[in-house]
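Before any comments, here is the structure.
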Amino acid sequence: MTRETRERVWDAVPLRSTEQAGEGQPLDLGHLDAATEAQVLARLLSRDFDAWSEAAARVGHCAKPVRLHGSSQTVDTRTGEVLSSFSSSDSPLGVLHVRCGNRRAADCPSCSRLYAADTFHLIRAGVTGGRGVPEEVGENPLVFATLTAPSFGLVHGTRGGRTCRPFTLRGQDRVCEHGRPTVCHARHADGDEPLGQPLCRDCYDYESHLVWQWWAPELWRRFTIDLRRTLAKQLGVIESRLAELVTVQYAKVAEYQLRGIVHFHALIRLDGPKTIDGFAPAPAGLTAALLALLVEQAGAGVSFDAPSLHEGDVTRRLRFGAQFDARPIAAARRTDDPDRALTPEQVAGYLAKYATKSATDSTNTHGPHARRLRATIVTIVDRQRAESAASDQPMAEHPYGLLFKWRHMLGFRGHFSTKSRRYSVTLGQLRRRRVRYERALAAAHREGRTLHVRDLDDLLQDDAEETTLVVGQWTYAGTGWDTDGDTELAKAAAARAREYAQERAAARNEQRTGRVASRKETDCERGRFGR
């Protein structure tokens, strides 16, 4: 084993003593079963470990990379000249590994972290500018809104450190019809097992819960429509002419609550008249406080009559919950205001974090409540299949025909991260710029030269006309690494990379804080002693 390989091993694999990491320290494999531990050791001692580590590094230590066989050629579209060619046989392991691209941290920490970074820059660009978005966009009215689901039954919660449910509402008994208490005098802490669980699962309306979850994307769509109508009414114009005065842009993410239902966090911005480039200044008189008021009005008024689950079922009118919050965000340029409640960077990081979560990250999917939800889905689908068979109506035509497919998401079928067209850059643009950077970096390595920052200016420009065309033929060879041991090694390396990035970020923050403190001391000295 080469020295370079040994250093990669100690940098990637967690040790029993993190304070004394280095050569001679035993590997921490206690969390693995005997078979996986043997696979890890076999990989570390294999002759092709160098090739494996290089292949893993190329995909950022993805946990479930896609394996491909084939080849491709890069052709100049103007001359027809073949500029370069690539074959999977040229790869370290004889097969091309490609990132899985999964956004869920529970499935692939590496790709999830990359997705979160892209989402952060996408959201932040719509708040402070950058990535092709003008900085003036930060002067437009901006609101951070949270839209929750209504109550479908009493559940345990932290209540901000207060007693969970010390009393009943007017007209309620202290014991439900099933003989269970409707009060809870405990003070739940984060991680307590009862959190998110109903006080009585027989009283909880599981069918309405699933219907709201299924139609939550439709409810959000209607909210955006109602917001534009409310804004048009405020400005005294018809809705069809609203774009001539102002446009509404947003970025939204969905987050699971402990009770297994989603709620939405959104950044909502008002821009000026619709233009080709977008990002026009908002008209005078439209403030963030006014926008927050209009968001609350639209959120309180939106509704949707959901189709019945089955024959004889009621028609449910869906609305957002009473816990509705809309807060203005101070302009990005007002860095001299330390008392503002929210900063654009905080909100962008907050939304990016929740964009990578799934039901398993925020909900106890193995608890009785989640099991009851999945069991209710099975019951609903079985009844629908029986009705479809009796009426010769295909299940695909039923409004809830695909409900069983989304049982792992507890009935939520929407996208976790969406935005309006003119909010900021797109994920596709960010990914293309990353590809350009990787190509430029690879070319610099091949030519033995340093890649300067000024050489990257083209990466931040709008997508220009492509002068090259990639022609390839690829076949699918499989998904994931060869063994569970390889997967554990890749996850360990991804975790070490994440820790290293966090340490660097903390060091930069300390340096920035030190510079600010030093500047303040200098200002105080000047004010005290004069110039």
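All heavy atoms count here, side chains included; hydrogens, waters and symmetry mates do not. Because the structure is predicted, anything quoted here is derived from the model rather than measured.
- Considering only heavy atoms from C-beta on, Arg498 comes within 4.5 Å of Pro109 through its side chain.
- The shortest distance between side-chain heavy atoms of Leu267 and Val143 does not fall below 4.5 Å.
- Side-chain atoms of Tyr400 and Trp406 form no donor-acceptor pair, as typed in the model, at a separation below 3.5 Å.
- The side-chain heavy atoms of Asp325 and Arg327, taken from C-beta on, include a pair separated by under 4.5 Å.
- Taking CD of Gln39 as the reference point, atom CD of Glu488 lies at 9.5 Å (rounded to 0.5 Å).
- Scanning both residues, His69 and Ser88, for their nearest heavy atoms gives CA-OG, 3.6 Å.
- The backbone N or O of Gly161 sits nowhere less than 3.5 Å from a side-chain atom of Thr158 that would complete a donor-acceptor pair.
- In this structure, His97 and Ala55 approach most closely via the heavy-atom pair ND1-CB, 4.2 Å.
- Looking at Ser112, its side chain does come within 3.5 Å of a backbone N or O of Arg103 through a donor-acceptor pair.
- Closest of all the heavy-atom pairs between Phe144 and Ile329 is CB-CD1, 3.7 Å.
- A donor atom on one side chain and an acceptor atom on the other are not found under 3.5 Å apart for Thr479 and Lys64.
- For Arg43 and Trp481, the positive end is not near the middle of the six-membered ring at less than 6.0 Å and at most 45° from its axis.
- A side-chain N or O of Gln249 and one of Ser420 form a donor-acceptor pair less than 3.5 Å apart.
- Looking at heavy atoms from C-beta onward, Lys252 lies out of side-chain contact with His265 at the 4.5 angstrom threshold.
- Looking only at atom types and distance, the side chain of Ser110 has a donor-acceptor partner in the side chain of Arg99 under 3.5 Å away.
- Scanning all heavy atoms of the two residues, the minimum distance from Lys419 to Val425 falls at CE-O, 2.9 Å.
- Between Ser417 and the options Leu122, Thr119, Asp118, a side-chain contact (heavy atoms from CB on, under 4.5 Å) holds for only Thr119.
- The shortest side-chain heavy-atom distance between Arg269 and Val137 falls under the 4.5 Å cut-off.
- Defined by atom type and a distance below 3.5 Å, a donor-acceptor pair is present between the side-chain atoms of Asp33 and Thr36.
- With Gln197 contributing its side chain and His369 its backbone, the two residues share a donor-acceptor pair below 3.5 Å.
- A donor-acceptor pair under 3.5 Å is formed between the side chain of Tyr256 and the backbone N or O of Met409.
- Between the side chain of Glu54 and the backbone N or O of Ala51 there is no donor-acceptor pair closer than 3.5 Å.
- Checking side-chain atoms of Ser85 against main-chain N and O of Gln73 turns up no donor-acceptor pair under 3.5 Å.
- Between the Asn140 side chain and the Ala280 main chain, a donor and an acceptor come within less than 3.5 Å of each other.
- Of the candidates Phe416, Phe412, Tyr250, Tyr250 is the only one forming a ring pair (Phe, Tyr, Trp, His ring centres under 6.0 Å) with Trp220.
- Side chain of Asp192 to main chain of Pro194: no donor-acceptor pair is present (N/O by atom type, distance under 3.5 Å, no hydrogens or angles).
- Here the side chains of Val248 and Leu270 are in contact, with some heavy-atom distance below 4.5 Å.
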